[in-house]
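Before any comments, here is the structure.
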Amino acid sequence: MGKALVIIYITAAVLLLFLISHSPSPSNKPKRHRRLKLRSNFTFDSQPTHHEHIPFDPLVAQIERQREDKEWEKQYIDTHHHQLIHEPAPGQESQPEWEDFMDAEDYLNDEHKFNVTDRLVLLFPKIDVHPSDGFVTDHELTDWNLEQTRKEVLHRTQRDMEVHDKNHDGFVSFHEYEPPSWVRNSDNTSFGYDMGWWKEDHFNASDIDGDGLLNITEFNDFLHPADTSNPKLLHWLCKEEIRERDSDKDGKVNFNEFFHGLFDLVRNYDEESHDTSHHSEDSQESPARKLFAELDKDGDGYLSEAELLPIIGKLHPSECYYAKQQADYIIQQADADKDGRLTLKEMIDSPYVFYSAIFNEDDEDYEDHDEFR
């Protein structure tokens, strides 16, 4: 049965490619010869302000990594060797062309159109694995997105480790670690200066084996604590929440501090389509008190660090949360028959959902994106 399904799938894919390649195109359609560029969210040593989108296609991710690495190398040299902290590095002056990072003949046709159809045909069976039934589900797409994200995060961690591992022994000590530039360039009265994300207790919490050094796994947890399974680091996250929300400085979170600081984060996590205009403060106090009572295990009217642990994943969403959000959005946009899953044809019919990052900003004005062929 399995072999027959594979044969049917391959036959359907070949037939679909044949029909697409031989479909007529309007003869009066103007030719637009536009070279492709990749958008960039790259920032060097700055305070993160939002969650970064990870490309759907590993090929695009690889090209972006190469582009970012080049920019990173230029800016690192300028910042650390020439002390030109406030001047733009050469990498910021222009966007590298797509062809700078790949063999164009492999993925671009003669008109410089990205072969999206070929890429989707190649990727579809790699995503459709649980089970391999000719449909991509939300769960399969979430797993795929998470895999791409973890590769990207680890690559950036390895790059950051090169900066901080001064003696090149494969470990980072707290003495070697340099706080982010927004910390170094501010004083102790600046907003965010007192955040614990770069201090020694954060470092020590990330040090699972307690040897005073962070290996690549521990350093990755240090930079991305929301994705850790390290109980010491999770406890540290809870401690930081207490410190930031504890307005009366008694070391605990009372109901008012919970209601006006944390409850919205929990509710937004549980209700992704949440609209704050539909919820008055009075209407939300009752569910907030219910949740507070569930968390307050000792019934003393306060939430301790340990009592925040059950919701810490909602206060600091992991990459899995964002991978699912991205999968939900893709299926919502591309699922033509609204059955909650995607066929190969539905994916090919909605290329912009998967490959929006390959356009110039100017290309957004075109309704017909003719790069997708």
Side-chain angles (χ1 to χ4, degrees), residues 34-46 48 50-82 84 87-120 122-123 126-127 144-165 168 170 180-181 216 219-220 223-224 227 319 322-323 326 351-364 369 371-373:
R34 298 195 294 276
R35 305 188 72 189
L36 300 174
K37 295 181 181 180
L38 291 172
R39 294 173 182 162
S40 176
N41 291 324
F42 174 76
T43 55
F44 181 75
D45 197 25
S46 61
H50 62 280
H51 183 267
E52 295 184 6
H53 175 84
I54 302 300
F56 162 81
D57 190 333
L59 172 64
V60 177
Q62 179 185 0
I63 297 167
E64 289 192 349
R65 279 197 296 269
Q66 294 177 27
R67 189 263 330 280
E68 286 189 4
D69 285 349
K70 284 192 174 184
E71 295 185 14
W72 177 85
E73 289 172 5
K74 292 176 181 178
Q75 295 193 43
Y76 176 72
I77 290 172
D78 282 348
T79 301
H80 288 78
H81 294 277
H82 301 293
L84 300 178
E87 295 184 15
Q92 293 178 311
E93 294 173 0
S94 62
Q95 281 267 10
E97 293 289 348
W98 180 280
E99 293 86 341
D100 290 342
F101 299 100
M102 62 188 292
D103 182 355
E105 294 181 358
D106 289 345
Y107 301 104
L108 299 177
N109 61 24
D110 292 338
E111 297 179 354
H112 286 266
K113 297 174 183 177
F114 185 65
N115 294 322
V116 168
T117 299
D118 290 349
R119 290 298 300 169
L120 289 174
L122 176 66
L123 294 176
K126 297 181 179 181
I127 305 171
W144 173 263
N145 291 336
L146 187 58
E147 180 184 354
Q148 309 317 308
T149 297
R150 285 172 173 167
K151 290 178 182 177
E152 184 70 18
V153 168
L154 183 59
H155 176 78
R156 292 174 180 173
T157 295
Q158 291 169 334
R159 191 172 62 197
D160 287 337
M161 198 164 188
E162 293 180 19
V163 175
H164 299 287
D165 181 15
H168 306 291
S181 62
I216 185 63
F219 191 58
N220 192 58
L223 297 178
H224 309 281
D227 295 295
E319 292 294 347
Y322 293 108
Q326 188 170 331
Y352 190 74
V353 179
F354 302 93
Y355 287 93
S356 60
I358 68 174
F359 289 115
N360 296 328
E361 295 297 331
D362 293 341
D363 290 332
E364 290 185 350
H369 297 284
E371 289 86 349
F372 292 138
R373 295 292 184 271

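These numbers were taken from a predicted model, which means no experiment stands behind them. Excluded from the calculations below are hydrogen atoms, water molecules and symmetry mates; all remaining heavy atoms, backbone and side chain alike, are included.
Rounding to the nearest 0.5 Å gives a distance of 7.5 Å between OH of Y355 and CG of L59. Interatomic distance, CZ of F354 versus CG of L120, reported as 6.5 Å (0.5 Å rounding). To the nearest 0.5 Å, the span separating CZ on R67 from CD on E64 amounts to 5.0 Å. Put simply, CG on D118 and CG on L123 are 10.5 Å apart, with the number rounded to the nearest 0.5 Å. The CD1 atom of I63 sits 8.0 Å away from atom CG of D57, with the distance rounded to the nearest 0.5 Å. Of the inter-residue distances, the one linking E319 atom CD with Q148 atom CD reads 12.5 Å to the nearest 0.5 angstrom.
By the side-chain hydrogen bond (donor to acceptor under 3.5 Å, both in side chains) test, H164 is found to be paired with no residue, residues two or more places apart in sequence or in another chain being considered. Residues satisfying the side-chain hydrogen bond (donor to acceptor under 3.5 Å, both in side chains) criterion with N220, sequence neighbours excluded, are T157. Applying the salt bridge (Lys or Arg N to Asp or Glu O under 4.0 Å) rule to K151 yields the partners E147; only residues at least two apart in sequence or on another chain are considered. By the side-chain hydrogen bond (donor to acceptor under 3.5 Å, both in side chains) test, R65 is found to be paired with E152, residues two or more places apart in sequence or in another chain being considered.
A donor-acceptor pair under 3.5 Å is formed between the side chain of W144 and the backbone N or O of F56.
Closest heavy-atom contact between N145 and A323: ND2-O, 3.2 Å.
Between E68 and H155, the closest side-chain pair of non-hydrogen atoms is not below 4.5 Å.
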